[in-house]
Amino acid sequence: MTSFSERHFTHNSTQTFFRQNNMASRAPATTGRLLVSFRKWYYNAAGFNKIGLMRDDTIHEDSDVKEALRRLPEKVYNDRMFRLKRALDLSMKQAVLPKEQRTQYEEDVHYLEPYLKEVIRERKEVEEWSKK
Amino acid sequence: MKGIRGISKLSTRLYAAQVARKLDVSVEHVKFQPQEVQVTKLPSGLMIASLDNYSPGSRIGVFVKAGCRYESPENQGVTHLLRLAANLTTKGASAFRICRGVEAVGGSLGVTSSRENMIYSVDCLRDHIDTVMEYLINVTTAPEFRPWEVSDLTPRVKMDKALAAQTPQMGVIEGLHGAAYKNALSNSLYCPDYMVSQVDSDHMHNFIQNNFTSARMALVGLGVEHNVLKQVGEQFLNIRSGMGTAGTKAQYRGGEVRVQNGSSLVHSVVVSEGAAVGTDEAMAFSVLQHVLGAGPHIKRGSNPTSKLFQGVAKATADPFDASAFNSNYSDSGLFGVYTISQSAAAGDVIKAAISQVKAVTGGVSEADLTRAKTQLKAEYLMSLESSEGLLDAMGSQALSGGVYHSPEAIAQKIDSVSATDVANAANKFVSGKKSMASSGNLIKTPFVDEI
């Protein structure tokens with residue numbers, strides 16, 4: 001099932017689990033209304049949207065993710081930095097955003113996913129070639 | 001005993017004899033006929049040229065009319081980046097795969113660019129030509145120019161520029177073109193300083209869209225069959241059709257650039273407008289270049305056949321070098337003298353060199369003319385000896401004229417240059433508006449209007 005890393009901002013979250021499973025969770029286009037409403041409930045229950053974060057802001061930074069972040073266009077990277085700073089500030093104050101300002105399920109963009117996929121594909125290609 | 005036991009095995013051994021017997025049935029020797037260069041033009045405008053020289057190694061090149069003269073003021077330096085970006089990720093293969101794939105078959109992929117053309121070439125053994133051809137097509141037609149890969153090129157651009165700055169000749173020649181022309185040919189082969197990290201993926205994509213069109217490309221092969229190239233050209237190289245953006249006509253203006261630095265050797269070149277490629281005048285200028293002297297033919301020799309050298313030797317006792325400078329572009333050219341001298345003697349050397357050219361306007365002796373023609377023919381023919389030289393000649397001729405002239409035809413054209421043609425060429429230099437570029441300690445170097 002979907003992971004629990006959304007609740008933790010530290011680096012001991014189950015990141016591989018997160019990556020594989022969340023990619024499957026959005027995939028089928030023929031989601032029934034029940035499945036979608038469950039997802040929405042889960043997204044809100046996870047809680048990172050309360051401090052203004054998107055899913056890809058919470059990903060654990062291993063070497064692949066670091067390379068994918070290096071490749072982000074400047075604007076996307078700056079937006080990510082802003083959200084992280086705001087979240088840290090709220091966390092320090094033990095506060096959350098008002099309901100209107102929280103990230104909604106529909107607004108959440110998986111901006112890092114394509115870059116991360118490409119980084120992993122390239123790494124796998126290098127590993128394949130080294131085996132030969 | 002061993003010997004008797006061995007005898008029964010005789011029929012199953014004597015392998016060499018068995019094989020030798022088979023070869024007695026003589027195989028008809030395959031006779032290789034010498035081939036001519038074949039040139040065809042596809043409906044899309046793409047030129048295909050090939051020569052099957054039966055060599056075990058093949059070489060294929062894609063020639064594009066997309067040299068630095070086609071850069072616009074907004075994207076100066078984009079061709080330098082394109083030269084460095086030949087190995088970056090394409091739609092069909094990642095950068096890593098291109099590198100390893102080409103290495104795996106023992107081939108090589110390279111880019112050269114001049115002011116007129118860009119040349120992407122691959123070479124490898126004949127059997128593996130399909131593999132490298134695939135990479136070549138990917139690189140020329142479908143590069144992706146990923147933003148992070150392009151920004152990773154910046155250190156390589158800086159390294160290229162630093163290497164070029166080490167030879168004074170590069171600085172002088174680039175400066176000369178910048179001073180002699182108002183546009184097009186004044187663009188430098190290297191990225192200007194202010195654009196070093198500013199050229200990005202969009203510039204490169206736009207340049208490719210506008211300039212890498214079928215009508216401006218030629219697919220040239222050495223050691224491949226013509227039909228194979230034709231197929232590849234029809235299937236893959238007609239992605240962008242049309243002429244793309246037209247280049248501007250180069251306007252000669254005649255200026256001067258002086259770079260004062262601490263070097264004790266002064267490099268100086270004085271030129272005036274010459275002839276375009278392929279014209280009879282260009283041939284006359286080439287012969288004139290060899291009449292005057294175009295580099296020593298014997299290392300550390302005394303250069304007795306070079307008029308420039310002998311003339312300047314009378315003007316100074318210090319070490320020097322003088323040779324005739326000639327370059328031809330599609331719509332213009334430059335002709336003049338390039339001198340290297342000690343800074344105190346610079347003025348004398350330059351003036352002596354120019355006066356030697358003036359002396360040629362009065363006429364050339366038959367002996368000198370024949371000698372110059374022979375040297376020019378030898379230089380051309382020797383440049384065709386290597387596969388790179390031959391590919392270059394085939395590609396440049398296919399691109400500029402659509403026809404490949406055999407070496408015999410070129411030799412005939414050289415022979416048809418008369419002494420009056422050479423004298424007229426010298427006259428054109430003497431009377432034309434001069435451009436000059438110098439670098440070194442320039443205290444004693446005259447300005448262009450003082451020559």
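Letters go in sequence order (proteins before strands), and every chain restarts at 1.
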Tell me, with the steps shown, if B/Trp148 and A/Arg70 meet side chain to side chain contact (heavy atoms under 4.5 Å, CB included).
CA-CA 8 Å; B/Trp148 56 90; A/Arg70 189 183 78 92; 4.1 Å; yes
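Counting heavy-atom neighbours within 6.0 Å of A/Met81 CE, excluding the residue itself, gives a total above 12. Other residues, nucleotides and ligands place more than 12 heavy atoms under 6.0 Å from the NZ atom of B/Lys161. Residue A/Tyr77 places its OH atom among 12 or fewer non-hydrogen atoms of other residues, nucleotides or ligands, all under 6.0 Å distant. Taking a 6.0 Å sphere around NZ of A/Lys85, one finds it holds 12 or fewer heavy atoms contributed by other residues, nucleotides or ligands.
Residue A/Glu128: no heavy atom, backbone or side chain, is found under 4.5 Å from chain B.
To the nearest 0.5 angstrom, B/Glu149 atom CD is 7.0 Å from A/Arg71 atom CZ. Of the inter-residue distances, the one linking A/Glu125 atom CD with B/Ser94 atom OG reads 3.5 Å to the nearest 0.5 angstrom.
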